[in-house]
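A quick write-up on the structure given underneath.
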Amino acid sequence: TTLETSADMVSTLRAVALVALALSSSACTASVQSHGEYLHTAPFASFHTFSFATAKAPPEGYEVTERSAQIVELMKPIVSEALVRKGYVAAPEGEVGDVLVACAAGRRDTTKVRRVSRRQSLVTSEDTEERDFVEGGLVIDAFDRSGGQVWHGASRTEIDPARPSLDSLRRAVGAALTRFPARLQN
């Protein structure tokens, strides 16, 4: 009957809309939220070299996992590249730089709730959509030689904990270091 055909069509349209929604959300690159701030009285003009120190903990609210140390090791060359682009030089092996950089990484399980469009709401009969995902967080802190903190940067983004993405890590580190002061070149 026409009523059954109409119900089948609505059911099919609902299924097609859900598949399209799933494909579009998985194809998108996860956004990166970040912040960074430096101590405005720190003598960045006198800082020339940097080296790495060991961080004490992951970002607040995140847990250390078996991958955290691996992620930190992947972060270091990315952080080094960014600092070199900003005019700093890596301290010779075994020497302490003018700036000591400490990196940490962690993860947490979270849920994202978003309002759906009116069109989706008509198809799915839902006003909101919930999606569980894993969020990776990283922190980059910098200290002067006396141990005073001169910089704090952090970022977070959705991750696949089974397959860390170097591109995502580059974006997250870059976002966290955006406001790190560049050296003025003489």
Exercise. Given salt bridge (charged side-chain N to carboxylate O under 4.0 Å, His left out), test Glu63 with Arg108 step by step and report yes or no.
Key: CA-CA 6 Å; Glu63 64 184 46; Arg108 67 180 175 186; over 6 Å; no
Starting from the C-alpha separation in whole Å, work towards a yes-or-no answer on side chain to side chain contact (heavy atoms under 4.5 Å, CB included) for Val99 and Thr49.
CA-CA 6 Å; Val99 175; Thr49 61; over 6 Å; no
Give, for atom [atom1] of [X] and atom [atom2] of [Y], the distance between the pair rounded to the nearest 0.5 Å.
{"X": "Lys86", "Y": "Leu177", "atom1": "NZ", "atom2": "CG", "answer": "7.0 Å"}
{"X": "Asp109", "Y": "Glu135", "atom1": "CG", "atom2": "CD", "answer": "10.0 Å"}
{"X": "Arg170", "Y": "Ser165", "atom1": "CZ", "atom2": "OG", "answer": "10.0 Å"}
{"X": "Leu100", "Y": "Phe52", "atom1": "CG", "atom2": "CZ", "answer": "10.5 Å"}

Please lay out, stage by stage, how Arg156 and Tyr62 fare under the test side chain to side chain contact (heavy atoms under 4.5 Å, CB included). CA-CA 10 Å; Arg156 59 191 171 121; Tyr62 292 79; 3.3 Å; yes
Is the backbone of [Y] close enough, under 3.5 Å, to the side chain of [X] for a donor and an acceptor to pair up by distance?
{"X": "Arg145", "Y": "Gly97", "result": "yes"}
{"X": "Arg183", "Y": "Ala45", "result": "yes"}
{"X": "Arg67", "Y": "Ala162", "result": "yes"}
{"X": "Thr157", "Y": "Ser31", "result": "yes"}
{"X": "Ser34", "Y": "Ala154", "result": "no"}

Phe143 vs Asp141, test: side chain to side chain contact (heavy atoms under 4.5 Å, CB included). Steps then yes/no. CA-CA 7 Å; Phe143 303 87; Asp141 290 323; 3.7 Å; yes
When the aromatic ring centroids of Tyr88 and Phe44 are compared, is their separation below 6.0 Å?
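When the ring centroids of Tyr88 and Phe44 are compared, they turn out to be at least 6.0 Å apart.
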### Query
What do the steps show when you test His48 against Val89 for side chain to side chain contact (heavy atoms under 4.5 Å, CB included), and what is the final call?
CA-CA 6 Å; His48 300 281; Val89 176; over 6 Å; no
task = Determine, for Arg179 against Glu37, whether the closest basic-nitrogen to carboxylate-oxygen distance falls under 4.0 angstrom.
result =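 Looking at Glu37 together with Arg179, the answer is yes, because their closest N to O distance falls below 4.0 Å.
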Check: Taking atom types as modelled, is there a side-chain donor on Asp144 or Ser146 under 3.5 Å from an acceptor on the other?
Finding: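 The criterion, which ignores hydrogens and geometry beyond distance, is satisfied for Ser146 and Asp144.
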Test item: side-chain donor near acceptor, Ser68 and Glu66, under 3.5 Å:
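Distance-only check fails for Ser68 and Glu66.
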